[in-house]
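Input: a single structure, listed below in structure tokens.
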Amino acid sequence: MSISAETYARLLSLADQAPLECLPLTSRTLAEAKILGYNQIGQIRMTPVSRLRVDLGAERAEELKRALYDYGMRQPGMQDAAA
């Protein structure tokens with residue numbers, strides 16, 4: 001079953017407001033992200049992967065990216081994912 005782009009955007013907007021605890025993250029990744037002020041899914045989704053790597057390190061950034069992808073919330077600027 002396919003949903004419209006408009007419906008997807010609305011669902012994504014709601015998901016962006018959800019607390020970071022909703023994602024399946026290790027306790028260390030969650031704690032480090034929260035210390036740096038990442039409290040909502042949208043903050044992670046809208047942050048370039050290169051910035052997440054600087055803030056949290058490559059392993060934690062990859063964990064966050066994977067969790068977003070698993071839940072259908074792709075990271076904007078996918079070209080940044082390879083950086």
Side-chain angles (χ1 to χ4, degrees):
M1 181 174 153
S2 179
I3 62 171
S4 72
E6 181 181 329
T7 300
Y8 181 75
R10 286 182 181 173
L11 290 172
L12 199 54
S13 176
L14 287 173
D16 281 348
Q17 298 172 36
L20 206 52
E21 290 86 354
C22 292
L23 292 176
L25 301 170
T26 62
S27 58
R28 184 171 178 184
T29 296
L30 181 61
E32 288 183 24
K34 291 185 75 70
I35 286 170
L36 291 170
Y38 296 108
N39 296 303
Q40 294 179 315
I41 290 174
Q43 291 173 294
I44 296 295
R45 194 177 68 79
M46 299 306 289
T47 301
V49 174
S50 58
R51 180 75 235 170
L52 291 174
R53 285 184 177 150
V54 168
D55 288 350
L56 298 161
E59 185 178 326
R60 309 263 174 259
E62 182 61 31
E63 180 182 348
L64 286 161
K65 187 179 99 177
R66 189 173 46 251
L68 290 173
Y69 183 80
D70 288 349
Y71 279 85
M73 296 176 277
R74 290 176 177 75
Q75 184 80 10
M78 290 307 289
Q79 69 277 5
D80 192 33

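Index from 1, following the sequence.
Between Q43 atom CD and K34 atom NZ the span is 9.0 Å, to the nearest 0.5 Å. The distance from the CG atom of L23 to the CZ atom of R66 is 12.0 Å, given to the nearest 0.5 Å.
The side-chain heavy atoms of I41 and C22, taken from C-beta on, include a pair separated by under 4.5 Å. Taking the side chain as every heavy atom from C-beta outward, R60 and L52 never approach each other to under 4.5 Å. With contacts defined as side-chain heavy-atom distances shorter than 4.5 Å, the pair V49/L64 does not qualify. Taking the side chain as every heavy atom from C-beta outward, L56 and L36 approach each other to under 4.5 Å.
E59 is linked by a salt bridge (charged side-chain N to carboxylate O under 4.0 Å, His left out) to nothing, counting only residues two or more places apart in sequence or in another chain. Listed by chain and residue number, nothing satisfies the side-chain hydrogen bond (donor to acceptor under 3.5 Å, both in side chains) test with S27 (two or more places apart in sequence, or in another chain).
For the residue pair L20 and Y38, the shortest heavy atom distance occurs at CD2-O, 3.3 Å.
Judged purely by atom type and a 3.5 angstrom limit, E63 has no side-chain atom pairing as donor or acceptor with the backbone of T29.
Screening residues 11-20 for side chain to side chain donor-acceptor pair (under 3.5 Å), with sequence neighbours left out, gives D16-R45.
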Is there a salt bridge (Lys or Arg N to Asp or Glu O under 4.0 Å) between K65 and E62? Walk through the geometry before answering. CA-CA 5 Å; K65 187 179 99 177; E62 182 61 31; 3.6 Å; yes
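Side-chain heavy atoms closer than 4.5 Å link hydrophobic residues (I, L, V, M, F, W, Y) into clusters, and following such links, even through other members, never connects V54 to L68.
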